[in-house]
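Being a predicted model, the structure only gives us computed values, none of them experimental.
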Amino acid sequence: MSRATGVGTGGSPSRPEPQSMTGMPAPRRADQQGLEMLRGERIKEILKQGGPREGVVLSGWVRSVRDSKQVAFVMVNDGSCMDSLQVVVDAALPTFGEVIKAGTGAAVRVTGNVVPSQGGGQQWEIKATAVEVIGSSDPSYPLQKKRHSFEYLRTIAHLRMRSNVFGAVFRVRNAAAYAIHRFFQERGFLWVHTPIITGSDCEGAGEMFQVTTFDLEKPPRTEDGKLDFSKDFFGKQTSLTVSGQLEGETFALAFGDIYTFGPTFRAENSNTPRHASEFWMIEPEMAFYDLGDNIRLATDFLKSMTSHVLEHCSGDIDFLDQWVEKGLRARLEQVVASPFAVLTYTEAVERLIASGEKFEYPVKWGIDLQTEHERYLTETLVKGPVFVIDYPKDIKAFYMKVNDDGRTVAAMDLLVPRIGEIIGGSQREHRLDVLLGRIRQLGLQEQDYWWYLDTRRYGTCPHAGFGLGFERAVMYLTGMTNIRDVIPYPRVPGTAEF
RNA sequence: UCCCGAGUAGCUCAACCGGCAGAGCGGGUGGCUGUUAACCACUAGGUUGGGGGUUCAAGUCCCUCCUCGGGAGCCA
C-alpha cells in the first residue's frame, strides 16, 4: 500500500511542490507523477497480450487457493472477462502465509511475470514476485468453488456477480445495452428520456405503482371522503411509467426516428420466471414507417444485438453454452444467419388448427394466442424467430392501425424459442377519426389523450414502432430461464431486498 | 391471483410403514515438491422454514402461515 500512503502524505519528495500565490502548495494535477496506478492491468488485456512478459501488476479477487508446502496456486479474477488468471506463489515470498490464509473472495494485488503455464489448464500464468493482500475474506464467504443453485445465489445477490455464471450474465447484459444504443445511434435515432413519473393514468399497459408524498396514515381527503390528489406533490394522481410509447410517438413526429431505453414499472402480481416489477424497456418509434418497415427494422435490430454479443462476449457465451444452455452459441449464430419467418395471425390460426396438436386452449379465429400456441409456432413449426402480424383488433390496443379489412390491426409480435414474445409492436393509427372511434369504442376517455390526439391533428403521418423487454432479450442471449437472474437486484412481488 | 411440488448442517442432498438426524462439499487443525471442483488425515457444525394439532413417540401424519420452484393468467 506504499502508493496509497504516498498520495495521502502529499506525494513523492523527489518532485518539487508547486507553489500558489498564497504561499500554500497548489493542488497537484491529476496526471502528474506520483499517482501511479494502484490496480495495474486488467486480466482481459494481460491474456490478450500473452507473454512471456515481466513486471506485470494486476488486482482482483481470489476465486480459489490450492496450496502445498512449496507453492500455492491462486486463481484471481478481476471481472474483466470470464477467465481467471492462475498466480503461482512461491513459499519463499514473504506474504506466502498471509496469502494462503486470505481466503476465497479476498482482494489481492499481484506483481509478477507472465510465463507459459506448466500445468494443463491454461496457456499463461503469473509467476508472482510479490502478492499483497488488500482485503482478506472471512471464512464465512458464501461462494464455494462448486456449483450453487440460482435460488441460493439470489439470496446473496450482493456477491453472486463474483460467480462465473453471473459474471458472464452481467457482462452480456452490458454488451447488449451498448449494442442497442450503437444500433440506433448509428442509424441516426434520437434517444428520448421519457418521464418515469407519469400523470397519465391512461398508459393502458397494466397496473401502476402510485407515486405520492402523502402521509399514508392521514392523507388529505375531499368533502365526500375521497383522496384529495390536488393536495399531493404534483397536484394530481401520479404513477411510475408502464411505457414511454405515447410520449415516444410525439418525439417521432418531430425527429423521425427515436427510441426510448429506460426503466419501466408494473405493479401486477405476476409470479413467473418471465416477469419483474421493475425492468428496462426499449421502444423505437419511426415516422413515415409502415408495418413492413417496422418488421425489417426489428429484424435488423435483433440480429445486430445478437451478433454484437457473440463478437464481444465470446468467452462468456462459451461458458453459458457449457453450463447454462447447451447449444446456445449455435442458436444465436443461427438467429444472426437465418431470415425470420412472417405469418399473419389468420395463417397462424390455420396452422395451429391443422397441426393436430392437443392444446389446452382450443384455437379459433379471434382468440388471443396462448403461451402454448406461441411455443408451437416458434419451436415446432418454424424452429426459429417468427413474426405474427395482423391480429384481430379486438384483442389489441387502441392505438394500433386498423387494416383495410376492418377487423384486424397492423400489429406484429416476434416470437422466439424458449422465451415466447420478445418484441411487440405495430403501425400506429394515424387517422384522427379512426383513432377517436377506437377510443370511444373501448370506453376510454377522449380528454385523457388530448396531447396524444394533437399529434393526429397537426401533421399526422403513418408511423410505427415496437417495444422490447430488455431483460427478455438478455435471457434470450444468455440462456438464463429466470428473469430474476439477469437483473442485478430484481424486484418482484414480495421481494425488494438489497 | 389460481393449480401442482419443495423447504433437513454454511451449500447440495439422504433418512423405508411414525421409532437413536446422516453424507459429500465448504469451514477449522495438521500433512503433502506444480495444482486445476487438487489430494490425505482429524475435527467442529442441527429449535428438520414459523405456529398449532394428532400420538407413548413427528423430519415423516393433519391444519395454517411464510419462502422458493414448475405451470397458468396478467404482460414485456
Mind telling me whether B/C17 is syn or anti, cutoff 90° either side of 0? syn
Secondary-structure notation, RNA chain B, from Watson-Crick and G-U pairs under 3.5 angstrom (| other strand): (((((((..((((.....[..)))).(((((.......))))).....(((((..]....))))))))))))....
Does this structure show an ion pair linking A/E285 with A/R428, if we count only N-O contacts that are shorter than 4.0 Å? yes
Short N-O contact, A/R375 and A/E357, less than 4.0 angstrom: no
Quick one: are the ring centres of A/F265 and A/F279 less than 6.0 Å apart? no
B/U35 base / A/Q86 side chain donor-acceptor hit below 3.5 Å: yes
Comparing nearest nucleotides in RNA chain B, the 5'-proximal residue of the pair A/E125, A/A276 is A/E125
Answer yes or no: does a side-chain N or O of A/S68 lie under 4.0 Å from OP1 or OP2 of B/G31? no
Tell me whether the OP1 or OP2 atom of B/C68 has a side-chain N or O from A/T495 closer than 4.0 Å. yes
If only side-chain N and O atoms count, and only distance matters, is there a donor-acceptor pair under 3.5 Å linking A/E497 with A/Y489? no
Using a heavy-atom cut-off of under 4.0 Å over every strand shown, decide if A/G120 touches base, sugar-phosphate, or nothing. base
A/V71 has a side chain; which of B/G34, B/U36, B/G73 sits nearest to it? B/G34
Would you check if the distance from the ring center of A/F183 to the ring center of A/H308 is below 6.0 Å? no
Would you mind reporting whether A/L377 and A/L381 have side-chain heavy atoms less than 4.5 Å apart? yes
Measure the distance from CG on A/L414 to C1' on B/C75 and round it to the nearest whole Å. 16 Å
Atom CZ of A/R63 to atom P of B/G26: distance rounded to whole Å? 17 Å
Interatomic spacing from CG in A/L58 to CZ in A/R42 - rounded to 0.5 Å: 10.5 Å
Distance check, P atoms only: B/C20 and B/C61, in whole angstrom units. 16 Å
Spacing of the C1' atoms in B/U60 and B/C16 (rounded, Å): 11 Å
Atom C1', compared across B/C32 and B/G69: separation rounded to whole Å: 43 Å
Has the side chain of A/S270 got a donor or acceptor that lies under 3.5 Å from a partner of the other kind on the base of B/C74? yes
Do the two ring centres, one from A/H373 and one from A/Y361, sit under 6.0 Å apart? no
When the C1' atoms of B/G45 and B/A9 are considered, how many whole Å apart are they? 6 Å
List in numerical order all residues of residues 478-490 of chain A for which some heavy atom is under 4.0 Å away from an atom belonging to RNA chain B. A/N482, A/I483, A/R484
Check step by step if side-chain contact (heavy atoms from CB on, under 4.5 Å) holds for A/T299 and A/F387. CA-CA 9 Å; A/T299 304; A/F387 285 99; 3.2 Å; yes
Hey, does A/G424 reach any base, or is it just sugar-phosphate, or nothing, if we go heavy atoms under 4.0 Å? nothing
For A/V492 and A/K101, take the nucleotide of RNA chain B holding the closest heavy atom to each; which residue's nucleotide lies nearer the 5' end? A/K101
So among A/R274, A/R173, A/R160, which one has a salt bridge (charged side-chain N to carboxylate O under 4.0 Å, His left out) with A/D485? A/R160
Winner on side-chain proximity to A/R154, out of B/U33, B/U35, B/G69, is B/G69
Please give, in whole Å, the distance from B/U36 P to A/W124 CH2? 22 Å
Looking at A/E360 and B/G71, is any side-chain donor or acceptor paired with a base atom of the opposite kind under 3.5 Å? no
Can you measure A/L153 atom CG to B/G69 atom P for me and round it to whole angstrom units? 13 Å
Taken to the nearest whole Å, CZ/A/F209 to C1'/B/C75 is 14 Å
For a quick test of reading the model: is some side-chain N or O of A/T272 closer than 4.0 Å to OP1 or OP2 of B/C75? no
Decide if the gap between the ring center of A/F184 and the ring center of A/F301 is smaller than 6.0 angstrom. yes
Output the rounded distance in Å from CZ (A/F279) to P (B/C74). 16 Å
Could you tell me whether the side chains of A/D390 and A/T344 share a donor-acceptor contact shorter than 3.5 Å? no
Rounded to whole angstrom, note down the C1' distance from B/C75 over to B/C62. 39 Å
Counting only side-chain nitrogens and oxygens, does A/R66 get under 4.0 Å of the OP1 or OP2 atom of B/A38? yes
What's the gap between B/U8 and B/U47 when it is taken at their C1' atoms, as a whole Å value? 12 Å
Name the nucleic acid region contacted by A/Y361, choosing base, sugar-phosphate or nothing; use a 4.0 angstrom heavy-atom cut-off, strictly under. sugar-phosphate
With a 4.5 Å heavy-atom cut-off, do A/L414 and A/F340 have their side chains touching? yes
Any residue of residues 136-152 of chain A with a heavy atom less than 4.0 Å from an atom of RNA chain B: A/P139, A/Q144, A/K145, A/K146, A/H148, A/S149, A/E151, A/Y152
Between atom CZ in A/R375 and atom C1' in B/G73, what is the gap in whole Å? 16 Å
base_contact_polar (B/U1 base, A/N271 side chain, donor-acceptor, <3.5 Å): yes
Could you tell me how far B/G18 sits from B/A57 if I compare only their P atoms? Round to whole Å. 16 Å
Measure the distance from CG on A/L369 to P on B/G73 and round it to the nearest whole Å. 11 Å
Is A/R296 salt-bridged to A/D293, cutoff N-O under 4.0 Å? yes
Picking from B/C74, B/G73, B/C32, which would you name as closest to the side chain of A/K69? B/C32
Between B/A58 and B/G51 - C1' atom distance, rounded Å: 15 Å
Would the A/H463 and A/Y289 ring centres measure less than 6.0 Å apart? no
